[in-house]
2 protein chains.
Amino acid sequence: MLRISKLTDYATLLLMHMARAPFETHSARGLAQRSGLPPPVVAKLLKLLAREGLLTSQRGAAGGYGLARAPERISMAQILAAVEGPLAVTECALGRGVCDMEKGCATRPHWQLIGHALQVALDAVSLADMTVPRAATVRLQRLEK
Amino acid sequence: MLRISKLTDYATLLLMHMARAPFETHSARGLAQRSGLPPPVVAKLLKLLAREGLLTSQRGAAGGYGLARAPERISMAQILAAVEGPLAVTECALGRGVCDMEKGCATRPHWQLIGHALQVALDAVSLADMTVPRAATVRLQRLEK
DNA sequence: ATCAATAGGACTGATTAAGTTCTATATAGT
DNA sequence: ACTATATAGAACTTAATCAGTCCTATTGAT
Ligand code: FES
Ligand code: FES
């Protein structure tokens, strides 16, 4: 349940690779080779991440992608949001009129509450954490108290 | 992102209806009428929830479904798990050999960490909370500190 | 017996995710 | 200027999952 998409998993993987050399530019081809992912998928994802502001891009020969900011300042929540769109646990979490069963349904505010809790959990883990084993453990354990 | 399925939303809705009379038995037909959901969907969901141990069932005339335990002791995490299967944020979060890109991928333990945080957030909200506006607010706010 | 209820599974259609391909544009080096 | 190498963007196809329906069997009260 609550499975993230493969694309998001891939995106995280790519960003982790880039985080090992945070100030250099990386080409889509090179990242595809290093990650083992299919080149078209890598290209698609990098374009998306650049559009969403997580990466900077430089066109032309000797161009490539670079992290838009330090790995510590890129959260998993941001990566999720970039690839899968804004967090909305239920379809009808945002506005009225979207859902047929609004009458007789009092769940909306509660789902929003849960959504917020998830957001907090995802914000607590940064890309930098992901590259360092057990880095986020302490912070997350504090969340659970 | 991290959208729960409609079925899970429906299941929650049904359980909330039942929680208003926690000790009575409810028929699928009756719940379909009260909830406004299509009867076949309601029947399917109740069967599933009974199999998963969230509901008790009584066959035959005058039969029906009842909550397996008090609404306070049914968490949203349990409902999610019943309808959508066990929480696994990534496909390869559990075992080895599932995923092609295991070599060169160090994300697994971190995803497990995130998965655990989500689990905690979902465990903090009970079915009883869902029926009472703002009931879970305080508990969730404490989680965020 | 009969009627009202759940149990289980098979099946279909709709929606979304995943992956590929093609064309256009920008830039460095020669 | 030319060429090679890169990203930008969109359209398209296929695969997988979700949502919803339907049919048959079983159970139990009247
Ligand atoms: S099911 Fe959409 S508002 Fe509750
Ligand atoms: S992508 Fe599957 S192990 Fe990382």
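Per chain, numbering begins at 1; letters A, B, ... match sequence-line order.
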Checklist entry - Between atom CG in B:Leu7 and atom P in D:dA19, what is the gap in whole Å? => result 5 Å

Next on the checklist: What is the distance, to the nearest angstrom, from the CG atom on B:Leu31 to the C1' atom on C:dA5?
Outcome noted: 13 Å

Checklist entry - Side chains of A:Leu127 and A:Met76: does their closest heavy-atom pair fall under 4.5 Å? => result no

Next on the checklist: Whether B:Tyr10 contacts D:dG20 is assessed here as follows: a side-chain N or O lying under 4.0 Å from the phosphate OP1 or OP2. Is that the case?
Outcome noted: yes

Next on the checklist: On a heavy-atom basis, which atom in B:Ala19 and which in B:Thr131 lie closest, and how many Å separate them?
Outcome noted: CB-CG2, 4.1 Å

Item to check | From C:dA18, D:dG20, C:dT27, nucleotide with atom closest to A:Ala61 side chain | outcome: C:dT27

Next on the checklist: If I take atom CD in residue A:Glu84 and atom C1' in nucleotide D:dT17, what distance separates them, rounded to the nearest angstrom?
Outcome noted: 14 Å

Checklist entry - Counting any heavy atom closer than 4.0 Å, what does A:Ala28 reach on the DNA or RNA strands: base, sugar-phosphate only, or nothing? => result sugar-phosphate

Item to check | Contact under 4.0 Å: B:Arg29 side-chain N or O vs C:dA5 OP1/OP2 | outcome: yes

Checklist entry - Which of the following nucleotides, D:dT21, C:dA18, C:dA7, is nearest to the side chain of A:Lys6? => result C:dA18

Checklist entry - Donor-acceptor pair, B:Asp129 side chain versus B:Ser126 backbone, under 3.5 Å? => result yes

Checklist entry - How close or far is atom P of C:dA7 from atom CZ of B:Arg51, stated in whole angstroms? => result 9 Å

Checklist entry - So do the side chains of B:Leu49 and B:Val83 get within less than 4.5 Å of each other, counting heavy atoms only? => result yes

Checklist entry - Taking the side chain of B:Tyr65 as heavy atoms from C-beta outward, which of C:dA28, C:dA7, D:dT21 is closest to it? => result C:dA7

Item to check | A:Leu45 CG to D:dT7 P, straight-line distance once rounded to whole Å | outcome: 13 Å

Checklist entry - Side-chain contact, heavy-atom cut-off 4.5 Å: A:Tyr65 with A:Thr25? => result no

Checklist entry - Rounded to whole angstroms, how far apart are CG on B:Leu37 and P on D:dG20? => result 9 Å

Checklist entry - Can you tell me how far C1' of D:dC18 sits from CD1 of B:Ile4, to the nearest Å? => result 13 Å

Item to check | 5' precedence on DNA chain D between B:Ser5 and A:Gly60 (nearest-nucleotide basis) | outcome: A:Gly60

Checklist entry - In whole Å, what is the span from the CG atom of B:Leu48 to the P atom of D:dG20? => result 14 Å

Next on the checklist: Between B:Arg59 and C:dA7, is there a contact of a side-chain N or O with OP1 or OP2 at under 4.0 Å?
Outcome noted: no

Checklist entry - Between B:Ser27 and C:dT6, is there a side-chain N or O to OP1/OP2 distance below 4.0 Å? => result no

Next on the checklist: Both B:Lys44 and B:His26 contact DNA chain C. Taking the nearest nucleotide for each, which residue is further toward the 5' end?
Outcome noted: B:His26

